[in-house]
Amino acid sequence: MFESFQQAIAADITEFLETGQMQRAIQLKNQTGQHFNHNEYPMYFAGRLDARLVLIHLNPKQRNNCATKYEGKFWLPDVDSYMDYHTHFGQKVHDSNQTRRHKSPFDHKQIRFLRPFGVLPFVEERTPADRTTNLVHVIDEKLQLELIPYGSDMFSLQGFTPQILEPHLIRILNVISAAPRDYVIFCGRIFEDLFRDNITKRHTFTLTKKDGTPTKSHARFANLSFTYHGQAIRAGIATSFAQQGIPMGDYGAQCHARYALS
């Protein structure tokens, strides 16, 4: 399963390095009417392919690039360097002298969400070095997959049909099923639409703010259960993950408590 995943990556990267474009991204843009960057490095994954915890997001958040082809320096000059960079993505962007100042609210958000799951080796944050350690761990000790590996500044299911989505779902499910997993979490409301027939239980609940009061709005989580290539897969949908301003630590704790209920 990992081999087919790596072959898909190699096909895109090889074409990208030779032409500055990826025809699969162009085709997807033409099929859906949505913009996807065919002229930037794709992001298929970050972290360990065999990690026990997997988070799946919709696609990389990037500014829309309307240039005909890639116009920069090919700083990842071959497939092997691409694979190594994304396997050690956290270390590359957070724990080197050149990029120590890299800021990522999204990665801090992931730390707050995942800490209650007790899987990643987070440390207590007393110093800037402790924060850097956790930023590296939250990326490199889990597996992050992107449903669509081509970046854009927004994403919706507009223009997508089951036939268009199928190869992308197959790609990520092949990876998920290729190794033992403790937690598989799809992040975002759209995944409720994609896995509507596989949801076994839906949860709606309030969260607790730092001052101890409950939130006015409700958060959501859903349990998934299905069989893929003869393998039973249990997963969850963190429906409210993308919601701005929610107490993310408590949301992670509430999702963790409900994950086992599928």
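These figures come from a predicted structure and were not determined experimentally.
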*Which atoms form the tightest heavy-atom contact between Met83 and Thr87, and what is the distance?*
O-OG1, 2.7 Å
_Centroid separation under 6.0 Å, is that true for the rings of Phe45 and Phe2?_
no
_Whether the side chain of Asn39 engages the backbone of Ala67 through a donor-acceptor N/O pair (distance < 3.5 Å, no angle test) should be reported._
yes
_With a 3.5 Å distance limit and no angle check, can you tell me whether Lys29 reaches the backbone of Ala25 through a side-chain donor-acceptor pair?_
no
_Tyr228 side chain to Ile176 backbone, donor-acceptor under 3.5 Å_ = no
*Do side-chain atoms of Thr204 reach the backbone of Arg220 as a donor and acceptor pair under 3.5 angstrom?*
no
_More than 12 heavy atoms from other groups under 6.0 Å of NZ on Lys69_ = no
*Give the minimum heavy-atom separation between Leu55 and Cys187, together with the two atoms involved.*
CG-SG, 3.9 Å
*Of the options Phe113, Phe221, Tyr251, which is the one that meets Phe241 in a ring-ring contact (aromatic ring centres under 6.0 Å, His included)?*
Phe113
*Approximate separation, where rounding is to 0.5 Å, of Gln27 CD and His38 NE2*: 13.5 Å
*Can you tell me how far the CD1 atom of Ile9 sits from the CZ atom of Arg171, to the nearest 0.5 Å?*
8.5 Å
_Testing the basics here: between Pro116 and Gly249, what is the closest heavy-atom pair and its distance to 0.1 Å?_
CG-O, 3.5 Å
*Return yes if some donor-acceptor pair links the side-chain N/O of Gln158 with the main-chain N/O of Gln34 below 3.5 Å, else return no.*
no
*Does a donor on one side chain sit under 3.5 Å from an acceptor on the other, for Thr127 and Asp130?*
yes
*Do the side chains of Phe160 and Ile148 get nearer than 4.5 Å, heavy atoms only?*
yes
*Can we call the ring centroids of Phe89 and His86 under 6.0 Å apart?*
yes
*Where is the tightest heavy-atom contact between Val119 and Leu53, given as atom of each residue plus distance?*
CB-CD1, 4.1 Å
*Would you find a donor on one side and an acceptor on the other, under 3.5 Å apart, between the side chain of Gln110 and the backbone of Ile139?*
no
*With a 6.0 Å cut-off on ring centres, are Phe36 and Tyr150 close enough?*
no
*Give the minimum heavy-atom separation between Ile164 and His168, together with the two atoms involved.*
O-CD2, 3.4 Å
*Looking only at non-hydrogen atoms, find the nearest pair between Ala10 and Thr14 and report the distance.*
O-OG1, 2.7 Å
*Are the side chain of Asn37 and the backbone N or O of Asn65 linked by a donor-acceptor pair below 3.5 Å?*
yes
_Whether Arg258 engages the ring of Phe205 as a cation-pi pair (distance to the six-membered ring centre under 6.0 angstrom, angle to the ring normal within 45°) should be assessed._
yes
*Beyond-backbone contact of Lys61 with Phe106, side-chain heavy atoms, under 4.5 angstrom*: no
_Side chain to side chain, Arg52 and Tyr183, heavy atoms closer than 4.5 Å_ = no
